[in-house]
Amino acid sequence: MTKKPVFPSENTETRPDVWQDLRALTRARIGLGRSGNAQRTSDVLTFQAAHAQARDAVHTPLDVQAMLAQMNGMPCLCVRSRADDRPTYLRRPDLGRRLAPESLSFLQKGEWDVVFVAADGLSSVATQKGAIPLFRAMLPRLKDWRIAPLVIATQGRVALGDEIASALGARMVVMMIGERPGLSVADSMGVYLTYAPYVGCPDSARNCLSNIHPHGLPTSGAADKLAWLMKEAMRMQLTGVGLKDAAPDCTSSDTLSESSLPAIVKDQHV
Amino acid sequence: MDTQDKAAFVPFASMTVGDLRNWLLSDDATPAALRAAAPGFTPEMAAAVSKIMRNQDLMSAARKMRVVTRFRNTIGLEGCLASRLQPNHPTDDLKGIAASTLDGLLYGMGDAVIGINPATDSVANGLALLDMLDHARCRYDIPTQTCVLTHVTNTLEIMNKGGAVDLVFQSIAGTQKANEGFGVTLEILKEAHEAALSLKRGTVGDNVMYFETGQGAALSAEAHHGLDQQTVETRAYAVARAFRPLLVNTVVGFIGPEYLYDGKQIIRAGLEDHFCAKLLGVPMGCDACYTNHAEADQDDMDNLMVLLGAAGITFLIGVPGADDIMLNYQSLSFHDILTLRSMLNLRPAPEFAAWLEQMGLFEPQSGRMLELAPHQTRLAQLVG
């Protein structure tokens, strides 16, 4: 007996989607259906598009000129790390934590309470979109503070801010940096606050606000939390675990090396 | 830490590393001979010989080394490929996790373990997640084990509170300092091992430990003492074998491109880790995975899974659609593991396959998983 061929459009595409209710419970890619054992074409292409977007977020260079234009004439300093290009940056986290010699010699010591640094990190898209709006939102919240010119850093990791702050003579540093992109969110920014930073300063001395993007923590919410942390850091003269423990629940922050991290060491080399 | 059996080492004592490679690939190295030799090898020997083995050598030698372990089913038999069902959720939502678990079971996943990486690593949360998994397992009488991959000290406390702990999980590394970085000592592992054994929850065996490892873990903790990352990784397997684990897996591409830069390095490392672990008698599985800042994609994972399948890997990890929405990285999808089982004619663990058949999900003659919607199965009620 010969069977009539059944085409996917007949046996799957028109079937009522019984997974719809279950998908409301999780963003996981459940109930995808199959062609034989394989994923269906639309799901394969959707996945590949999301991956391409995440890859672009990692590899697109930070558009420094556009950021300067966004600053609209406010003073800015542009620096870069010792990692000359993206492949080097990805292979050598240590180079991304140190300033290039010419950038270091260009920074002059002053007397500042804080310096804000906008660094590309692992998602330039996140920094491009999120850093300057957050910096602007902080200004009215820090009226009496001596705030150094914004520093825009390329091929930077979190610890690059330590050397910048030391060179500028700032008491604390706020590092605004693109987080490692996932498939669903490619433009998430993290903020790391460090009091009295120095080169080689441990990650446990930092406080972190993560997941800052339009569908996560919004700019104004991040600015409120950051302002609280900064004022307390100034009062207690510390950041890290000591400050985290003092934070009220609504101001939840994490230190970079907290044990809420899953199974194996999650990316701590932002 | 020195778990070497000196007597088993005697036949190899005068060999060069090159001689050892020749022996491993020779017909003299039968599965029985390899099993007898395993306790005599040290991790440094395994790592050294792996460095002069090509990918095909790593595969053909590993293929001869089956390591069989048991808890509620039998893992590691010839012709079988088990899988860990990983239903993670960014806020540990119980129904969200149940929905992903249901999805995976319909693909025949979860015979190695149904294992959650919790977003919140606390005792209370671990208890809640374990309770949900245990109820689901008991309700459908699934011959498998469940696990919340929380820190060993949390698991100890959960056991003290009467939680439903099948397996004790811990990430381990190859130096004392790196393990201290994970907050682990051999004493704590021993205490947890004994506590889990005393619960006697296994039905067909008493392998109660589950470990994860991965090249780069020691270096990222600056605890590698100048050792290369593969040798230090292999040293973790000697820690593992002392506890007769049910499962061990390398999370091969997870730690990032500063350790394994691209698909080629991830594939090589996956084959090395599997070979070295099996040589030491460890039941090795793999999370074939990559992050978005590594030069890798799903094609590389396809390659790796087929190579590992041919090498006789004990189990692979599957997540819905290959996208882990909690840990933000990509692994294998349930579809991928199903495809691999079908291409290489591999079956789930026998007890689990029998259960799938009983549930009307599996055709034992063809080895095919049937495509059924949740409401066409009894499992539909799994998501309360």
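FYI, side chains are in, hydrogens and waters are out, and symmetry mates aren't considered; it's all heavy atoms of this structure. A note on names: the letters A, B, ... follow the listed sequences, proteins ahead of strands, and every chain is numbered from 1.
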Go through it in stages, so that I can follow the logic: the residues are A/R34 and B/L338, the test is side-chain contact (heavy atoms from CB on, under 4.5 Å), and I'd like the CA-CA distance, side-chain angles, deciding distance and then a yes or no.
CA-CA 11 Å; A/R34 292 151 54 180; B/L338 209 51; 3.8 Å; yes

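For the pair A/H51 and B/Q330, the minimum side-chain heavy-atom distance is below 4.5 Å. For the pair B/Y261 and A/P87, the minimum side-chain heavy-atom distance is below 4.5 Å.
Looking at B/F211, neither its backbone nor its side chain comes within 4.5 Å of chain A, counting heavy atoms on both sides. When heavy atoms are compared at a cutoff of 4.5 Å, B/L260 does not approach chain A at all. For a residue to count as touching a neighbouring chain, one of its non-hydrogen atoms must lie under 4.5 Å from one of that chain's; by this rule B/D324 does not touch chain A. For a residue to count as touching a neighbouring chain, one of its non-hydrogen atoms must lie under 4.5 Å from one of that chain's; by this rule B/P87 does not touch chain A. In this structure, chain A has no heavy atom under 4.5 Å from any part of B/A98.
Between A/I30 atom CD1 and B/D323 atom CG the span is 12.5 Å, to the nearest 0.5 Å. The CD1 atom of B/I337 sits 12.0 Å away from the CG atom of A/N37 when rounded to the nearest 0.5 Å. Expressed to the nearest 0.5 Å, how far NZ of B/K95 lies from CG of A/D21 amounts to 10.5 Å.
A donor-acceptor pair is defined here as one N or O able to donate and one able to accept, closer than 3.5 Å; no such pair exists between the side chain of A/Q39 and the backbone of B/H335. A donor-acceptor distance shorter than 3.5 angstrom exists from the side chain of B/D103 to the backbone of A/G31, with no hydrogens or angles considered. Checked by atom type and distance alone, the side chain of B/N292 never pairs as donor or acceptor with a backbone atom of A/A54 at under 3.5 Å. One N or O on the side chain of A/R180 and one on the backbone of B/N328 form a donor-acceptor pair closer than 3.5 Å.
Contact tally against chain B (heavy-atom pairs below 4.5 Å) for A/A38, A/A186, A/S123: the top residue is A/A38. Interface check for chain B: of the options A/R86, A/R55, A/R27, A/R92, the most heavy-atom pairs under 4.5 Å are formed by A/R55. Chain A forms more heavy-atom pairs under 4.5 Å with one residue of B/D297, B/T91, B/T291 than with any other, namely B/T291.
Nearest approach of A/L32 to B/Y107, heavy atoms of both residues: N-OH, 4.5 Å. Across all their heavy atoms, B/G321 and A/F47 have their closest contact at O-CE1, 3.3 Å. Considering all non-hydrogen atoms of both residues, A/L22 and B/A99 come closest at O-CB, 4.2 Å.
For the pair A/R91 and B/E295, the salt-bridge criterion is not met [side-chain N within less than 4.0 Å of a carboxylate O].
Taking the six-membered ring for Trp, A/Y89 and B/H293 have ring centres at least 6.0 Å apart.
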